[in-house]
Enquirer: 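Structure in structure tokens, see below.
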2 protein chains.
Amino acid sequence: MPQPVLNILSLIKTPALAKACGQWLKGGRYQLFQVDPSTEPPEPLVQRCGDVDGLLLEEGALEGSFFATLHERGLELPAVLIGPVSGEVLFHGAEVRLPPDQLEQLSYSLDAAVSRFLRTHTPPASSEAQAATPEGWKLSNRLNGRLGYLSIYYKRDPSRFLRNLEAEERSELLDSLKRSYRDLLISYFKNPATANQAIESFVNTAFFADLPITKMVEIHVNLIEEFWKQLMLKGQKNDFLQDYRLALLDVMAHLCEMYRRSIPADVPIVPAPIPEASSPSA
Amino acid sequence: MPQPVLNILSLIKTPALAKACGQWLKGGRYQLFQVDPSTEPPEPLVQRCGDVDGLLLEEGALEGSFFATLHERGLELPAVLIGPVSGEVLFHGAEVRLPPDQLEQLSYSLDAAVSRFLRTHTPPASSEAQAATPEGWKLSNRLNGRLGYLSIYYKRDPSRFLRNLEAEERSELLDSLKRSYRDLLISYFKNPATANQAIESFVNTAFFADLPITKMVEIHVNLIEEFWKQLMLKGQKNDFLQDYRLALLDVMAHLCEMYRRSIPADVPIVPAPIPEASSPSA
């Protein structure tokens, strides 16, 4: 099992939620440090943020002024925000949102938060530009170094792949993904910002859990069937359900693009010396 | 520009087709040796096959007995077959079919043929089993060695990526892909075997050309719009066109799975030494 490589500061007010988060990250690559943000004064909290690699946040637990201070000091850390998928951004554009009923995906959300952060905070190539970088870039350099990441995407942890989980954990993760996908379908035609966040959240977990594409299609088909049965029972129209194929297309396009970009940059093919007896007689 | 690393024996009867193939492969990583199969006796032809890395075939140019002989001698080479997408298999299951009006994709089809061959002909891990392998496996070992391929997929050649092509070549490739996609849509609800071959062919080129997913969706949307306009002009029903989203889903699922499997196997995360000043004060 991988040992903790990243220190995460958990600023969660609700005790049950803080406890649950701790349990879902136990034994993984994240070391959690829990602080109740309602009892700690803002300045020491900000100071602590400077010492960690990422934040775990709870919606509503911290004032907007706290995040403003972090921005001012260049402390835009990778962050997972526990709260309903709403389309809103609390801290910064690279934050990852996870609803409290889907905590099974917490480790994948943290992976995604680090990955998104590294992508959006990669320092410019020139050394002159680097000399003038704010704190955030130094931090991303530090993260890059510690994770040894190769491409623009974060290295995945194969011990967290769906197929490598214990049967019980695997089924919990699939149920959790099903809840994420249900949120996604429900918001899809109602609110584009919410839907985008839900897609992002689902795709992140699918990527970091190396979810087979057939499994993803299965989740979609099963949910649509459930919806169909409910509508049948109520005697309502259900022919609009096939419009939801657009949602699946959207999810798949996102995931496919994520995979496409995570293939390490190919180097030009170097001609190999042609071994004897392989020159054609033509 | 990559120098030729693979020798391909072209067994094409139609002179214009043979010439066109030669032109589309010029300067790439494939070295083409052309032989007219209608003038060469079968035995020398089979002999030549033993000396090359792959075959370029024309539908109808060779007898079934020729392929039977290759099978008997364990000469199941990577092969691209120029002919209409029909769902039929001429040589073996890993062959790649390319219609003659889509030759712009020939180099990608050869990439795909080698890749498919390596996937289906990878020798078993145990050395005991290797000692008893037929010719085909020895060949795949030789190909593996020469290409230095890392994962189950063949290394892509970045100089052939869509974005790295000259403007004219880029537009030719996109037009060619559009023709492939049209074949795919036309066969989609008619003949599953043909459709599968068409999907395979399109996805191969998309993968080896590193086609952005948005471009793929664009090809789909433009073709559906064209169909829609044609049906409108003829005063025919067009609401069934949205069923073609299933075709796009199918293509995307194939491509996504291809990308997913082509990411090099991740190694478990090794904990990095934690640098000074990064231990949290919590």
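On a predicted model such as this, the values are computed, not experimentally measured, just so you know. Letters A, B, ... mirror the listed sequences (proteins, then strands); counts begin at 1.
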Enquirer: Can you tell me how far the NE2 atom of A:H220 sits from the CG atom of B:L249, to the nearest 0.5 Å?
Expert: 7.0 Å
Enquirer: Quick one: does any side-chain atom of A:R245 pair with a main-chain N or O of B:R245 as donor and acceptor, under 3.5 Å?
Expert: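 Looks like no, no N/O pair under 3.5 Å.
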Enquirer: Could you tell me the separation between the NE2 atom of A:H254 and the CD1 atom of B:I213, rounded to the nearest 0.5 Å?
Expert: 11.5 Å
Enquirer: Could you have a look at A:L255, A:L248, A:D210 and say which one has the most heavy-atom pairs with chain B under 4.5 angstrom?
Expert: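 If we count pairs closer than 4.5 Å to chain B, A:D210 comes out on top.
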Enquirer: Give, as side chain, backbone, both or neither, the part of A:P212 having an atom under 4.5 angstrom from any heavy atom of chain B.
Expert: both
Enquirer: With rounding to the nearest 0.5 Å, note down the distance linking CD in A:E257 to CE in B:M216.
Expert: 10.0 Å
Enquirer: Which heavy atom of B:M252 sits nearest to which heavy atom of A:C256, and what is that distance?
Expert: O-SG, 4.3 Å
Enquirer: For a quick test of reading the model, state the closest non-hydrogen atom pair linking A:Q242 to B:D243 and the distance between them.
Expert: OE1-OD1, 3.9 Å
Enquirer: Return the option, out of A:T214, A:L246, A:V217, with the maximum number of heavy-atom pairs under 4.5 Å with chain B.
Expert: A:L246
Enquirer: So with a 6.0 Å cut-off around CD of B:E166, is the heavy-atom count from everything else above 12?
Expert: no
